[in-house]
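These notes concern the structure reproduced below.
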Amino acid sequence: MRTQVGIVGAGPAGLLLSHLLHLRGIDSVVLEARSRHYCETRIRAGVLEQGTADLLVASGVGGRMTREGLVHRGIVLRFGGRDHRIDLSELTGGRTILVYGQHEVVKDLIAARLDAGGEIFFDVEDVAVGDLDTAAPRIRFRRGGEARELRCDFIAGCDGFHGICRPSIPPGVLTIYEHAHPFAWLGILAQAPPASAELIYASHARGFALLSMRSPEVSRLYLQCEPAEAIGEWPDDRIWQELRRRFETDEGWTLRDGPVLQKGITAMRSFVASPMQHGRLFLLGDAAHIVPPTGAKGLNLAAADVRVFVEALDAFYAAGRTDLLAGYSAACLRRVWKVQRFSWWMTSMLHRSAEGEFFDRLHLAELDYVTSSRAAATALAENYVGLPFAPA
Ligand code: APR
Ligand code: PHB
């Protein structure tokens, strides 16, 4: 088999890449280890920067998202028993965010690719990439028990943090920068109307909690826990009780509960691999970098890599230019590091750690500053709605 761009992984990065390349007349094949059902139902984050939502609309896959997504103009920071609203739109010249589940984006992209005759092979096994230093790299895999090979011009490693692309780069090429945060998030999806119209980021002496939503009937809630805790230690009653305590206000705010549809614990990590390229293998999304979920940036950062890579491939195929491909990693990493900084800052400001009382006081001062200084609130808002894109 042959294609122009061989894509490993059908997450948001791989699917969006395949879709945008198709619109530029560039062929790709997507190889995915999991089933279509698994990809379409895996619950992840759900906040799209306006730029990400605009990109999906402009490329023709925003129909259902525009109908079902919830446009938000602000977020709430809750601490000291009180709410402090950050008016994202007012601080950023009218920009907004869209609350729409990542797996819904994945469903929309899979449907668009298959409708357009795109090739996505689900349930493939033993994916291995090779000949990365040549102009004809290849991907070997098994499909239905049969050994196959895909020859391509370029390989896009969109296979997430645990994928095989990044580890296929020879030792010594990549520098890894990472930080494991000393806490995790326990997340639930609940059949309960969200108790707030806007997201609430709560900093409490017992730890961080977040109220988000997926629809007017479904809430998505998170609470900070220990990384080593098992989900079995958290029966539903205990989760609701802990959420109620952390969301408590002086005004007697009440959380709405309901049946828990799904729950899980996610570790929090900050990670960057640099450069995001070796030979004809390019890394995109979680394969190259992970941010803690506090800033809701994972999917948005993956989409930003895709934009840069599509422009670079377009310049290559349309005009024989290699300069944008050569500059791919540097262009992506400028944004990646700014988003790492923002995600780390939101995380440390809002969570309680064992660092000690001194740091708890600093984090409270930070929250006080962000909610009382227009300059500080603007800095949060412009990052939250998404930093602008540099011209190609
Ligand atoms: N072969 C083929 N596919 C693989 C392999 C492999 N060896 N290893 C992993 N995959 C697939 C996974 O099953 C998954 O579907 O690659 C895909 C990677 O998708 P994601 O982990 O979603 O990563 P990405 O597309 O970069 O999305 C960015 O945004 O909200 C964040 O972390 C969140 O997923 C998220 C991300
Ligand atoms: C979510 O809705 O899943 C969500 C929202 C905001 C975050 C992280 C996750 O910061």
Side-chain angles (χ1 to χ4, degrees), residues 6-18 30-49 52 69-70 72 75 97-106 109-110 120-129 139-143 155-168 185 187-189 194 198-201 208-215 218-222 262 264 266-269 271 276 283-306 339 342-343 346-347 350 384:
I7 301 175
V8 186
L15 293 166
L16 180 61
L17 175 64
S18 179
V30 181
L31 303 175
E32 166 59 50
R34 303 289 195 146
S35 68
R36 177 175 179 182
H37 177 77
Y38 180 93
C39 295
E40 290 187 340
T41 53
R42 180 172 35 192
I43 303 293
R44 296 295 227 346
V47 174
L48 306 184
E49 294 175 356
T52 306
L70 309 167
H72 285 206
I75 56 168
I97 52 158
L98 190 70
V99 176
Y100 188 64
Q102 175 173 321
H103 68 287
E104 306 292 354
V105 175
V106 164
L109 286 167
I110 290 176
I120 309 174
F121 296 155
F122 291 100
D123 304 298
V124 300
E125 293 170 310
D126 301 336
V127 177
V129 297
I139 312 180
R140 294 209 173 108
F141 60 101
R142 298 184 77 80
R143 186 168 185 231
I155 298 176
C158 302
D159 50 350
F161 184 66
H162 301 286
I164 53 94
C165 288
R166 191 181 67 250
S168 305
W185 277 16
I188 62 167
L189 196 64
E198 293 184 331
L199 271 65
I200 302 176
Y201 288 82
F208 170 73
L210 169 62
L211 180 147
S212 180
M213 66 269 321
R214 287 294 176 270
S215 73
V218 176
S219 299
R220 177 80 170 142
L221 295 139
Y222 298 95
Q262 195 264 356
T266 324
M268 299 203 14
R269 181 189 292 276
F271 176 97
M276 290 168 54
L283 303 176
L284 294 88
D286 279 17
H289 41 72
I290 297 274
V291 287
T294 324
K297 291 296 173 210
L299 180 150
N300 296 292
L301 205 48
D305 294 347
V306 171
V339 172
F342 176 67
S343 304
M346 284 281 277
T347 302
L350 287 160
Y384 199 91

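Just follow the structure's listing: the first ligand is 1, and inside any ligand the first atom is 1.
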Is there a polar contact between ligand 1 and [X], counting only N or O atoms under 3.5 Å apart?
| X | answer |
| --- | --- |
| R34 | no |
| L299 | yes |
| A33 | yes |

For [atom], what's the nearest protein heavy atom and its distance?
| atom | result |
| --- | --- |
| atom 7 (N) of ligand 1 | I164 CG1, 3.5 Å |
| atom 1 (N) of ligand 1 | V127 CG2, 3.5 Å |
| atom 32 (O) of ligand 1 | D286 OD2, 2.5 Å |
| atom 35 (C) of ligand 1 | Q102 NE2, 3.3 Å |
| atom 25 (O) of ligand 1 | A13 N, 2.9 Å |
| atom 9 (C) of ligand 1 | D159 O, 3.1 Å |
| atom 27 (O) of ligand 1 | P12 CD, 3.4 Å |

What distance separates [X] [atom1] from [Y] [atom2], expressed to the nearest 0.5 Å?
| X | Y | atom1 | atom2 | answer |
| --- | --- | --- | --- | --- |
| C165 | D159 | SG | CG | 4.0 Å |
| I43 | L189 | CD1 | CG | 5.0 Å |
| L48 | Y100 | CG | OH | 9.0 Å |

Can you sort out which atoms of ligand 1 are near [X], meaning under 4.0 Å from one of its heavy atoms?
| X | result |
| --- | --- |
| C158 | 16 (O), 17 (C), 18 (C) |
| G285 | 26 (O) |
| V8 | 1 (N), 2 (C) |
| L31 | 2 (C), 3 (N) |
| G160 | 18 (C), 21 (O), 23 (O) |
| G163 | 8 (N) |

Given 3.5 Å as the limit, does a donor-acceptor pair link the side chain of [X] with the main chain of [Y], or not?
| X | Y | result |
| --- | --- | --- |
| E49 | N300 | no |
| S18 | G14 | no |
| K297 | I290 | no |

Considering G11, G46, A302 one by one, which has a heavy atom nearer to atom 19 (O) of ligand 1 than any of the others?
G11
Out of E125, R44, E32, the nearest non-hydrogen contact to atom 20 (P) of ligand 1 is supplied by R44
Over-ring placement of R166 relative to F161, 6.0 Å and 45° cut-offs:
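Judged by the rule, R166 and F161 form a cation-pi pair.
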What's the shortest heavy-atom distance between [X] and [Y], and which atoms?
| X | Y | value |
| --- | --- | --- |
| V106 | C39 | CG1-O, 3.5 Å |
| V291 | G298 | CG2-N, 3.8 Å |
| S35 | F122 | C-CD2, 3.8 Å |
| A13 | A302 | CB-CB, 4.1 Å |

Do the ring planes of Y201 and F208 sit parallel (below 30°), tilted (30 to 60°) or perpendicular (above 60°)?
tilted
Quick one, V99 with M213, criterion side chain to side chain contact (heavy atoms under 4.5 Å, CB included). Give me CA distance, side-chain angles, the key distance, then yes/no.
CA-CA 7 Å; V99 176; M213 66 269 321; 4.3 Å; yes
With the threshold set at under 4.0 angstrom, would you say K297 reaches ligand 1 through any of its heavy atoms?
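No heavy atom of K297 comes that close to ligand 1.
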R34 atom CZ: more than 12 heavy-atom contacts under 6.0 Å
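Incorrect, the count does not exceed 12.
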In chain order, what residues pass the ring-ring contact (aromatic ring centres under 6.0 Å, His included) check against Y38, with sequence neighbours excluded?
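Once residues adjacent in sequence are excluded, Y38 has no partner under the ring-ring contact (aromatic ring centres under 6.0 Å, His included) criterion.
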Which protein residues have a heavy atom under 4.0 Å from ligand 2?
A45, G46, V47, W185, L199, Y201, L210, S212, R214, R220, Y222, P293, T294, A296
